[in-house]
Amino acid sequence: MLYYLFEYLDKILDVPGTGVFQYITFRSALALMLSLLLSTIYGKRIIRFLQRQQVGETVRELGLAGQNEKAGTPTMGGLIIIFATLVPVVLFAKLHNIYIVLLIVTTLWMGTIGFIDDYIKIFKKDKEGLKGIFKVVGQVGLGLIVGIVLYFHAGVTVRTDTSTSDVFKVPTETVIMPAPMEEKSTATTIPFFKNNEFDYAELLAWTGEGYEKWAWLIFIPVVIFIITAVSNGANLTDGIDGLAAGTSAISVLALGIFTFVSGNIIFSNYLNIMYIPNSGEMTVFIAAFVGSLIGFLWYNSYPASVFMGDTGSLTIGGIIAVLAIAVRKEMLIPLLCGIFLVENLSVVLQVSYFKYTKKRFGEGRRIFLMSPLHHHYQKKGYHESKIVTRFWIVAIMLAILSIVTLKLR
């Protein structure tokens, strides 16, 4: 909202200095600072409110060190993340930008699903929470909305031929360049390859002429799968103090770099990457989101004063998935969100191997001492803080490697 106020002051009243709000970097910095303040200052008030409402975590007996001490710790802390993200976004972002609208919808949608799940666990005394089928229906519903909007909305366009742009000219020349040609496309980026754009529509080329108009048959299911997989991955990662929030902040920060350069014609031209008009505005959302995650860590780091619950973890996963898809970097998710991936895989492998060995040998066997993977290391005697710190280090390495793909091809 403040963006529109300062735009009015600048363009209509010509008030000096108000034009600074036109810069994404300035508004992103304000969003980051405000989200940090909101999550740290008002986060304490939200935690006290949750305590008064007796919104305490019910801990299942898993035989893990320090587990019983966590019983009664307030959960639903994801409300802090949602609140500290949306307030700066509403104040500083362009609310008519389709990418910002999608991210706000994603935050509220996934936050609602997670809130219902936490509510059932706490107040209905049902440890299973919202039934899995309803979670999946919610995730698929969001994926359907995001996929349809990104495919059909006129404001979602790309430009893949940045290498032919005349942005860079001889310094002695003064040339007013035409606006870049933009087009609707289902193109995405394949990391580590030259000429690394891949169009989902090409998968239908065998159907003959006019296959491009049926690209939504591939694109929308891919979007649904990614949103479902990443949100579940974030959910599984949320198991020990500070793990999900810290690793997510690192991944989102890397996505912020991708978003900024992809939405800037000069940087996208220099890096020879896909130019995505208007996507740079997502940097403001990302700044607010990173600030809220870091501020949440003030209370969620060991020993945690609050847990994010599914209210937070499902929201985090949904936002990361939508960001990656919107900036056409979804094929980087296995690398960028490698922590989510291995946590997911550890559960899948554990369950599959247990069922297989039980059927074949009459006795179920395990690959890990316990899954998800962070519980395996807890069983081996590692302290929570050591596990979280090492996972953060791995997440930083994966984020750096993901950023390097901008030039490493």
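Because the structure is a prediction, the values reported are computed rather than measured.
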Take Val388 and Asp241 through the test side chain to side chain contact (heavy atoms under 4.5 Å, CB included) and record every step on the way to the result. CA-CA 8 Å; Val388 170; Asp241 301 348; 5.7 Å; no
Please step through side chain to side chain contact (heavy atoms under 4.5 Å, CB included) for the pair Phe192 and Leu335, ending with a clear verdict. CA-CA 12 Å; Phe192 301 112; Leu335 177 63; 4.1 Å; yes
Give me the ring orientation class for Phe198 and Tyr200: parallel if the planes are under 30° apart, tilted from 30 to 60°, perpendicular past 60°. perpendicular
Under 3.5 Å, is there a donor-acceptor pair between the side chain of Ser352 and the main chain of Leu349? no
Got a donor-acceptor contact below 3.5 angstrom from the Asp310 side chain to the Asp118 backbone? no
Classify the ring geometry of His383 against Tyr302: parallel below 30°, tilted from 30° to 60°, perpendicular beyond 60°. perpendicular
Considering residues, nucleotides and ligands other than Lys407, do more than 12 of their heavy atoms fall under 6.0 Å from its NZ? yes
List the steps and the verdict of side chain to side chain contact (heavy atoms under 4.5 Å, CB included) for Gln350 and Phe354. CA-CA 6 Å; Gln350 184 88 319; Phe354 186 87; 5.6 Å; no
Taking all heavy atoms of Ala399 and all of Ile250, pick out the closest pair and write down the distance. CB-CG2, 3.7 Å
Full working for side chain to side chain contact (heavy atoms under 4.5 Å, CB included) between Ile104 and Thr107: CA-CA 5 Å; Ile104 292 175; Thr107 304; 5.7 Å; no
For a side-chain hydrogen bond (donor to acceptor under 3.5 Å, both in side chains) check, start with the C-alpha distance between Ser292 and Thr85, then their side-chain angles and the critical distance, and finish with the verdict. CA-CA 6 Å; Ser292 69; Thr85 298; 2.9 Å; yes
Test side-chain contact (heavy atoms from CB on, under 4.5 Å) applied to Ile41 - qualifying residues, sequence neighbours left out: Leu37
What are the two closest non-hydrogen atoms of Phe92 and Arg27, and how far apart are they? O-NH1, 2.8 Å
Heavy-atom side-chain proximity of Met370 to Gln378 below 4.5 angstrom: no
Mind checking whether Phe152 and Trp216 have parallel, tilted or perpendicular rings, split at 30° and 60°? tilted
Parallel, tilted or perpendicular: which fits the ring planes of Tyr151 and Phe219, with parallel below 30° and perpendicular above 60°? tilted
Keeping the roles fixed (side chain from His376, backbone from Leu369), state whether a donor-acceptor pair exists under 3.5 Å. yes
Donor-acceptor pair, distance only, cut-off 3.5 Å: does the side chain of Ser251 make one with the backbone of Thr247? yes
Donor-acceptor pair, Ser35 side chain versus Phe289 backbone, under 3.5 Å? no
Looking at Tyr4 versus His96, is the centre-to-centre ring distance below 6.0 Å? yes
